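One structure is given below, encoded as structure tokens.
These numbers come from a predicted model, not from an experiment. Computed from heavy atoms alone, side chains included, the values below leave out hydrogens, waters and symmetry copies.
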Amino acid sequence: QEYKYNSGITYKDSQGNDQKGAYTYVYKYGDQTVDPFTGGVLHITTTGHGTDIFGNSTTTTTWIDQTVIKGKLVTTWTKSKTDSTDILGNSTVSWSETNYNYKWKLKGSDAEVPEGTKDAFYVLDTVTTKSWSTGTDLYGGSWHTDPYTITQEYKYNSGITYKDSQGND
């Protein structure tokens, strides 16, 4: 985040008086800048490297989309690719892609409401992950796995009462 003082902003304080000037901020990643008041998406890429006990390398690249919703960063999509080679020279590429789907809902309800509805929360609705692999062996053969998908669904359940560590509802 990068903070800046903006003398051109006018707002009303808690007593209803006009005030001038405020600190504002933007989200930055590389050459991307997103203003949290107008929204947008940051496209992030990370890479990690490793070596097993036999000296074989592994590289994982992860792509992440973070969308600004009401000034906050929310992860909406990720994809990872891991390239590895084993001691026999066989290569494997493993993929995983996850979509995070959110909806606006009111507390105590599973019904979706329009964005901007008073007292609405932006909550997870589903998280869907798809995974698959491909590879080649030392002799030029190749293989692949059929993708599989796992979906988590988030629903409101009025029949459950949660208690805190002191036993309070």
Checklist entry - So, for Asn56 and Thr85, which heavy atoms are closest and what is the spacing to 0.1 Å? => result CB-O, 2.9 Å
Checklist entry - Under the side-chain hydrogen bond (donor to acceptor under 3.5 Å, both in side chains) criterion, do Thr59 and His49 qualify, and how do the steps go? => result CA-CA 5 Å; Thr59 300; His49 305 278; 3.2 Å; yes
Checklist entry - Checking side-chain hydrogen bond (donor to acceptor under 3.5 Å, both in side chains) for the pair Ser142/Thr136: CA distance, chi angles, key distance, verdict? => result CA-CA 4 Å; Ser142 63; Thr136 58; over 6 Å; no
Checklist entry - Any ion pair linking Lys81 and Asp83 (charged N to carboxylate O, less than 4.0 Å)? => result yes
Next on the checklist: Quick check on Asp31: does its CG atom have over 12 non-hydrogen neighbours (other residues, nucleotides or ligands) under 6.0 Å away?
Outcome noted: no
Checklist entry - Roughly how far, to the nearest 0.5 Å, is the NZ atom of Lys105 from the OG1 atom of Thr117? => result 13.5 Å
Checklist outcome for this item: Value for CG (Asp13) from CD (Gln19), rounded to nearest 0.5 Å, stands at 4.5 Å
Checklist outcome for this item: d(Thr75 OG1, Leu42 CG) to nearest 0.5 Å is 10.5 Å
Next on the checklist: Looking at every non-hydrogen atom in both residues, tell me the closest pair between Val34 and Val41 and how far apart they are.
Outcome noted: CG2-O, 3.8 Å
Checklist entry - Hey, what do you get for OG1 (Thr67) to NZ (Lys72), rounding to the nearest 0.5 Å? => result 15.5 Å
Checklist entry - For the atom pair NZ (Lys79) and OG1 (Thr45), what is the distance rounded to the nearest 0.5 Å? => result 12.0 Å
Item to check | Close side-chain approach of His144 and Trp132, heavy atoms under 4.5 Å | outcome: no
Checklist entry - Cluster question for you: counting only ILVMFWY and a side-chain heavy-atom cut-off of under 4.5 Å, with indirect links fine, are Leu73 and Trp63 together? => result no
Checklist entry - Which ILVMFWY residues can you reach from Trp104 by hopping between side chains whose heavy atoms are under 4.5 Å apart? => result Ile69, Val74, Tyr100, Tyr102, Leu106, Val113, Tyr122, Leu124, Val127, Tyr154
Checklist entry - Is the number of heavy atoms from other residues, nucleotides or ligands under 6.0 Å of Lys107 NZ greater than 12? => result no
Item to check | Pair Thr126-Asn101, side-chain hydrogen bond (donor to acceptor under 3.5 Å, both in side chains): steps then yes or no | outcome: CA-CA 5 Å; Thr126 60; Asn101 300 298; 2.9 Å; yes
Checklist entry - Under the 3.5 angstrom rule, does the side chain of Gln32 hit a backbone N or O of His43 as a donor-acceptor pair? => result yes
Item to check | Cluster link Tyr156 to Ile160, ILVMFWY, side chain under 4.5 Å | outcome: no
Checklist entry - Would you say the side-chain atoms of Thr145 pair up with the backbone N or O of Ser133, donor to acceptor, closer than 3.5 Å? => result yes
Item to check | Closest contact, heavy atoms only, Tyr11 versus Ala22 | outcome: CE2-CB, 4.2 Å
Checklist entry - Are Ile64 and Trp77 linked, directly or through other ILVMFWY residues, by side chains that come within less than 4.5 angstrom of each other? => result no
Item to check | Verify same cluster id: Tyr139, Trp143 (apolar side-chain graph, 4.5 Å) | outcome: no
Checklist outcome for this item: In terms of heavy-atom contacts, Ser94 and Thr92 come closest through OG-CG2, 3.8 Å
Checklist entry - Is a side-chain donor or acceptor of Tyr148 paired with a backbone partner of Thr129 at a separation under 3.5 angstrom? => result no
Item to check | NZ/Lys4: more than 12 non-hydrogen atoms of other groups inside 6.0 Å | outcome: no
